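One structure is given here, and the rest of the page talks about it.
Keep in mind that what you see is a predicted model, and the values were worked out from it rather than measured. First the proteins, then the strands, lettered A, B, ... as listed; each starts at 1. Just so you know, these numbers use all the heavy atoms, side chains as well, and skip hydrogens, waters and symmetry mates.
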Amino acid sequence: EPEVTQTPSHQVTQMGQEVILRCVPISNHLYFYWYRQILGQKVEFLVSFYNNEISEKSEIFDDQFSVERPDGSNFTLKIRSTKLEDSAMYFCASGGQASSYEQYFGPGTRLTVT
Amino acid sequence: AQSVTQLGSHVSVSEGALVLLRCNYSSSVPPYLFWYVQYPNQGLQLLLKYTTGATLVKGINGFEAEFKKSETSFHLTKPSAHMSDAAEYFCAVSGFGNEKLTFGTGTRLTIIP
């Protein structure tokens with residue numbers, strides 16, 4: 001069964017460093033998303049991406065964040081200068097047909113900023 | 001704008017007993033509603049969804065949920081709990097199709113042997 005994959009599973013970085021979180025969505029899906037979950041809190045939307053551009057972003061998704069779909073398979077989230085409060089589990093999700101409404105989530109990348 | 005309220009951050013039921021996890025939503029447009037399950041150290045797995053049509057929807061692992069517009073609710077039920085149901089459950093809402101999901105705070109389900 002097709003699934004969303006994410007790498008790495010765990011990333012430790014120092015404050016101020018840049019990180020890139022990688023995702024491979026389900027092939028033939030058209031809609032891509034990033035969410036994050038701070039430990040003990042709810043899952044929060046960061047950004048959605050469709051037709052090679054951002055379709056919506058949350059207040060969390062400030063200038064320190066960017067997304068790219070550099071080729072036909074990968075979808076990346078970059079944080080330019082990490083802060084302690086960026087420590088969280090980051091989930092990638094993808095969705096297929098416009099009428100299916102379902103989002104399929106990857107296993108997540110745990111980002112720890114020290 | 002959409003929001004979700006999940007009553008009860010922790011729910012414990014005995015094995016074989018009824019599972020009832022509560023979810024109320026707020027939406028300015030007809031909602032699309034979802035339940036996701038998260039097992040320890042894993043991602044989110046879709047249990048079931050409501051988009052349009054039949055208000056009682058069935059999902060995987062014997063779970064079902066009923067959309068009640070008058071009560072703005074989408075409660076998740078399972079007639080008989082199994083040990084493997086122990087996990088965190090999230091209710092989510094979106095507006096139009098393929099829009100962002102807005103999640104509730106989650107309910108941790110514990111099954112008592």
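- Only the side chain of B/Gln38 comes within less than 4.5 Å of a heavy atom in chain A; its backbone stays farther off.
- Residue contact with chain B, scored on non-hydrogen atoms closer than 4.5 Å, involves the side chain of A/Tyr35 exclusively.
- Residues B/Phe63 and B/Val57 form no side-chain contact, since every pair of their non-hydrogen atoms from C-beta on lies 4.5 Å or further apart.
- Looking only at side-chain heavy atoms (C-beta outward), A/Asn74 and A/Glu68 stay at 4.5 Å or farther from each other.
- Only the side chain of A/Glu56 has a heavy atom closer than 4.5 Å to any heavy atom of chain B.
- Heavy atoms closer than 4.5 Å to chain B are found in the side chain of A/Gln37, but not in its backbone.
- When B/Gly104, B/Ala92, B/Gly106 are compared by the number of non-hydrogen pairs under 4.5 Å with chain A, B/Gly104 comes out ahead.
- Ionic pairing of A/Glu102 and B/Lys49 is present here: one or more N-O contacts between side-chain nitrogen and carboxylate oxygen are shorter than 4.0 angstrom.
- A donor-acceptor pair shorter than 3.5 Å can be found between the side chains of A/His10 and A/Thr112.
- Interatomic distance, CZ of A/Phe91 versus CH2 of A/Trp34, reported as 10.5 Å (0.5 Å rounding).
- Both the backbone and the side chain of B/Leu44 have a heavy atom closer than 4.5 Å to some heavy atom of chain A.
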